[in-house]
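Reckoned from all heavy atoms, side chains included, excluding hydrogens, waters and symmetry mates.
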Amino acid sequence: MSTCTAIVEAVAAVSDHDPADLPPLYETIDPDALNTLLGPAGDRSDQPLAVSFAYFGYNVRVDRNAVEILSLESDQDNSE
């Protein structure tokens, strides 16, 4: 499964929506660049790498091993 597919499916699960009902991920972030950075690669650096962005009302943080989905509202509540 591609990184982008994992992100869309995770956001759909958290938001209780069908993945097909979500806006295209490419309207938020370049999916080719994201898959290149975080997707399977034969020669991968051991350096940690994570990308964070907002999508469909959620803060998405993805690295080579996991996708983390947080509500934007809960992030704002925690910053006060």
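- One distance of note links CG of Leu37 with CZ of Arg64; it measures 8.0 Å at 0.5 Å rounding.
- The distance from atom CD of Glu9 to atom CG of Leu22, rounded to the nearest 0.5 Å, is 10.5 Å.
- Of all heavy-atom pairs between Tyr55 and Pro23, the closest is OH-O, 2.5 Å.
- Not counting sequence neighbours, the partners of Asp63 by the salt bridge (Lys or Arg N to Asp or Glu O under 4.0 Å) test are Arg61.
- A side-chain hydrogen bond (donor to acceptor under 3.5 Å, both in side chains) check over residues 16-30, counting only residues at least two apart or in different chains, returns the pairs Ser15-His17.
- The side-chain contact (heavy atoms from CB on, under 4.5 Å) search around Ala6 returns Met1, Val67, not counting sequence neighbours.
- Here the closest heavy-atom approach between residue Asn35 and residue Cys4 is recorded as OD1-N, 3.3 Å.
- Taking 4.5 Å as the limit, every side-chain heavy atom of Ile29 sits out of range of all side-chain heavy atoms of Val60.
- Closest of all the heavy-atom pairs between Tyr58 and Val14 is CE2-CG1, 3.4 Å.
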